[in-house]
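The structure appears below as structure tokens.
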Amino acid sequence: MARKPSIPKGTRDFSPSEVSKRNYIFDIVRKHFRTFGFQPIETPAFENSETLLGKYGDEGDRLIFRILNSGDFIDKVDDVTYSSKNSASIAPKISEKALRYDLTVPFARYVVMHQNEIDFPFKRYQIQPVWRADRPQRGRFREFYQCDADVVGSNSLLQEVELVQLYDAVFTSLGLHGITIKLNNRKILAGIAEVIGAGNHLVPFTVALDKLDKIGEGGVKNEMLSKGIPEAAIEKANPLFSLSGSNSEQLEVLRNMLSVTEAGSKGVDELGFILNTLEEIGLQSAQLAIDVTLARGLDYYTGAIFEVAAPEHVQMGSIGGGGRYDDLTGIFGLQNVSGVGISFGLDRIYLVMEELGLFPSGIDRSLELLFLNFGEKEALTAFKMATKLRKSGVLCEVYPEAAKIQKQLKYADKRQVPYVILLGEKEMEEGTFVLKDMRTGQQEIKPQKEVGNLSIKS
RNA sequence: GUGGUUGUAGCUCAGCUGGUUAGAGCGCUAGAUUGUGGUUCUAGAGGUCGCCGGUUCGAAACCGGUCUUCCACCCCA
């Protein structure tokens with residue numbers, strides 16, 4: 001081997017045990033998506049660049065992986081552009097496709113393209129990888145999976161309620177208790193900005209506010225100042241920094257503060273409805289918390305904003321997020337279709353579950369029973385028995401070579417097979433086999449006819 | 001994209017202010033043990049010291065670049 005092979009930064013190989021555990025999460029998520037009436041779709045790994053570019057802000061554009069055109073692409077660039085050495089002007093001429101950056105924008109594109117076949121309200125789920133040219137960190141990769149559930153074509157706040165229930169159902173099912181679903185509303189943020197007189201600084205205001213738990217009140221105020229937000233406005237925002245108490249108490253403070261703004265009041269009403277309805281219905285294990293600092297940089301949220309925080313003692317960014325966007329398909333020419341959706345960060349959920357030891361034991365068991373190979377004739381009988389067992393769902397295989405028994409047992413040990421069947425010359429004559437429990441070392445002799453009745457408890 | 005950090009055997013890591021044949025533990029292979037794994041004992045295999053260049057009589061070590069790892073920022077799942 002001349003050089004050791006490698007994989008690109010921020011990507012990963014998944015070993016058998018990791019795939020098993022990932023599938024365990026996928027299966028649970030998928031099961032709940034389906035029980036809530038969501039239907040699966042899939043979209044291509046890459047889209048036309050114009051579909052993606054400009055949808056996630058400048059910062060987002062930077063993180064989109066672009067795909068080089070095929071053929072002699074440089075020959076097609078005119079001399080002026082070529083000699084400009086300007087990446088921004090050359091890039092569109094040599095790259096017309098880009099890797100999917102998230103699942104929401106492709107979904108919007110899908111809805112617009114298939115609007116005549118879709119029955120609204122349309123509830124879809126989608127579990128596929130996305131790619132971002134980001135710098136990797138813990139829980140941040142350049143290739144990772146998103147599991148999205150979105151509803152388009154309904155303005156009802158019951159959708160928000162249902163999505164919170166869906167979060168609760170999935171995380172409860174995964175055994176991931178103690179998560180907090182943080183709630184906010186874009187209209188509340190807009191209302192606050194309006195009331196304090198920072199209405200035309202809404203984005204920098206929310207971005208700064210979002211960092212409260214990270215850089216503290218002083219840090220947030222400094223950042224706001226540096227973005228040109230008047231000091232008087234920042235002073236007026238003071239009540240936000242000391243917002244505390246129960247959800248309904250916080251809601252009351254917000255209601256008073258925002259009563260003079262139409263948008264703000266509407267946001268408070270919406271949030272109030274969602275909270276009240278959920279209180280009525282009840283949740284299994286998730287906590288609900290109003291968090292006015294929750295901004296989720298995404299420009300297209302217009303109503304509810306969700307974020308799921310891992311249990312407190314786990315060091316991990318958000319493990320899910322979502323919100324309402326009144327006009328997502330507008331960018332593709334279909335007006336007045338409202339959507340609301342949530343996303344699960346599978347890779348991060350995996351890391352959290354691994355850290356908390358929440359995967360059921362034996363989930364990555366790849367083999368329940370191994371037949372040792374004593375020779376041609378014995379192996380043939382073993383094969384017949386294995387065929388029978390497989391029909392009843394037992395994961396089994398016959399060791400392919402008549403290697404030393406010691407070696408075969410060592411292999412069984414490594415694979416952590418709970419049971420081994422020894423079938424040698426003596427057993428052939430007697431029409432029996434020896435069943436060995438690898439964990440206790442105990443063996444028992446059984447007639448070959450009874451192989452179908454074996455109970456494998458692993 | 002900005003700043004820092006890391007890279008030595010399959011894995012986890014030693015390796016002194018530069019000094020000649022590159023170290024350990026675990027793992028791996030074989031044997032002790034021709035029908036019994038995990039334990040034990042013995043032997044063995046395995047390394048262009050991330051890569052490229054420079055300084056030096058001499059570089060795993062020092063310098064520059066590059067890739068990679070992890071972390072902080074930006075942003076985000």
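In what follows, chains carry the letters A, B, and so on, assigned in the order in which the sequence lines appear, proteins first and then strands, with residues in each chain numbered from 1. Remember, it's a predicted structure, so these values are computed and weren't measured experimentally.
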Euclidean distance, atom [atom1] of residue [X] to atom [atom2] of [N] [Å, nearest integer]:
{"X": "A:Asp210", "N": "B:rC75", "atom1": "CG", "atom2": "C1'", "answer": "11 Å"}
{"X": "A:Ile127", "N": "B:rA77", "atom1": "CD1", "atom2": "P", "answer": "17 Å"}
{"X": "A:Lys404", "N": "B:rU29", "atom1": "NZ", "atom2": "P", "answer": "12 Å"}
{"X": "A:Ile64", "N": "B:rA77", "atom1": "CD1", "atom2": "P", "answer": "13 Å"}
{"X": "A:Glu223", "N": "B:rC75", "atom1": "CD", "atom2": "P", "answer": "7 Å"}
{"X": "A:Asp58", "N": "B:rC76", "atom1": "CG", "atom2": "C1'", "answer": "16 Å"}
{"X": "A:Leu63", "N": "B:rA77", "atom1": "CG", "atom2": "C1'", "answer": "13 Å"}
{"X": "A:Gln146", "N": "B:rC76", "atom1": "CD", "atom2": "C1'", "answer": "10 Å"}

Who pairs with [X] by side chain to side chain contact (heavy atoms under 4.5 Å, CB included), at least two apart in sequence or on another chain?
{"X": "A:Lys182", "answer": "A:Thr180, A:Asp291, A:Leu294, A:Glu307, A:Ala309"}
{"X": "A:Val77", "answer": "A:Thr81, A:Tyr82, A:Lys93, A:Ile94"}
{"X": "A:Glu270", "answer": "A:Leu157, A:Asn185, A:Lys187, A:Lys266"}
{"X": "A:Asp327", "answer": "A:Gln335"}

So A:Tyr24 and A:Phe359, would you call those rings parallel, tilted or perpendicular, with 30° and 60° as cut-offs? perpendicular
Which value, rounded to the nearest 0.5 Å, describes the distance between A:Lys436 atom NZ and A:Leu422 atom CG? 7.5 Å
About how many Å separate CG of A:Leu254 and CG of A:Asn247, when rounded to the nearest 0.5 Å? 10.5 Å
So, do A:Phe144 and B:rA77 meet the stacking rule of ring centres under 5.5 Å and planes under 30°? yes
Donor-acceptor pair under 3.5 Å, A:Glu427 side chain vs B:rG35 base: yes
Donor/acceptor link under 3.5 angstrom from A:Gln408 side chain onto base of B:rU36: no
Partner residues of A:Asp27 under the salt bridge (Lys or Arg N to Asp or Glu O under 4.0 Å) criterion, sequence neighbours left out: A:Arg30
Taking only residues two or more places apart in sequence, or in another chain, which ones meet A:Glu378 in a salt bridge (Lys or Arg N to Asp or Glu O under 4.0 Å)? none
In whole Å, what separates the [atom1] atom of [N] from that of [M]?
{"N": "B:rG23", "M": "B:rG3", "atom1": "C1'", "result": "35 Å"}
{"N": "B:rG1", "M": "B:rC75", "atom1": "C1'", "result": "11 Å"}
{"N": "B:rU48", "M": "B:rU40", "atom1": "C1'", "result": "38 Å"}
{"N": "B:rU6", "M": "B:rU66", "atom1": "C1'", "result": "15 Å"}
{"N": "B:rA22", "M": "B:rG27", "atom1": "P", "result": "26 Å"}
{"N": "B:rC73", "M": "B:rA9", "atom1": "C1'", "result": "37 Å"}
{"N": "B:rU69", "M": "B:rU12", "atom1": "C1'", "result": "15 Å"}
{"N": "B:rC11", "M": "B:rG47", "atom1": "P", "result": "13 Å"}

Could you run through RNA chain B and flag its stems, i.e. three or more consecutive Watson-Crick or G-U pairs with both distances under 3.5 Å? B:1-4 with B:70-73, B:10-13 with B:23-26, B:28-32 with B:40-44, B:50-54 with B:62-66
Taking side-chain hydrogen bond (donor to acceptor under 3.5 Å, both in side chains) as the definition, give me every residue that meets it alongside A:His201, ordered by chain and number, with sequence neighbours left out. none
Going by the rule side-chain hydrogen bond (donor to acceptor under 3.5 Å, both in side chains), which residues pair with A:Tyr411 if we only count those two or more places apart in sequence or in a different chain? A:Glu397, A:Arg415
Carboxylate-amine/guanidinium proximity below 4.0 Å for A:Glu355 and A:Arg138: yes
Counting the atoms with a prime plus P, OP1 and OP2 as sugar-phosphate, which does A:Phe374 contact under 4.0 Å by heavy atoms, base, sugar-phosphate, or nothing? base
For nucleotides 38-45 of chain B, print each protein N/O atom paired with a nucleotide N/O atom at under 3.5 Å, atom names and distance only.
from: B:rG38; atom 1: O4'; to: A:Asp413; atom 2: OD2; distance (Å): 3.3
from: B:rG38; atom 1: N2; to: A:Met438; atom 2: O; distance (Å): 3.2

Side chains of residues 164-174 of chain A: which donor-acceptor partners sit under 3.5 Å, not counting sequence neighbours?
from: A:Tyr167; atom 1: OH; to: A:Gly321; atom 2: N; distance (Å): 3.0
from: A:Tyr167; atom 1: OH; to: A:Gly321; atom 2: O; distance (Å): 3.3
from: A:Tyr167; atom 1: OH; to: A:Ser343; atom 2: O; distance (Å): 3.0
from: A:Asp168; atom 1: OD1; to: A:Thr172; atom 2: OG1; distance (Å): 3.4
from: A:Asp168; atom 1: OD1; to: A:Gln284; atom 2: N; distance (Å): 3.4
from: A:Asp168; atom 1: OD1; to: A:Ser285; atom 2: N; distance (Å): 3.0
from: A:Asp168; atom 1: OD1; to: A:Ala286; atom 2: N; distance (Å): 3.0
from: A:Asp168; atom 1: OD2; to: A:Gln284; atom 2: N; distance (Å): 2.5
from: A:Thr172; atom 1: OG1; to: A:Asp168; atom 2: O; distance (Å): 2.6
from: A:Thr172; atom 1: OG1; to: A:Ser285; atom 2: OG; distance (Å): 2.7
from: A:Ser173; atom 1: OG; to: A:His32; atom 2: NE2; distance (Å): 3.0

Output one letter per nucleotide in nucleotides 65-73 of chain B: B when a protein non-hydrogen atom lies under 4.0 Å from the base, S when only the sugar-phosphate is that close, - when neither is. ---SS-SBB
For B:rC28, take OP1 and OP2 only and decide whether either is under 4.0 Å from a side-chain N or O of A:Lys414. yes
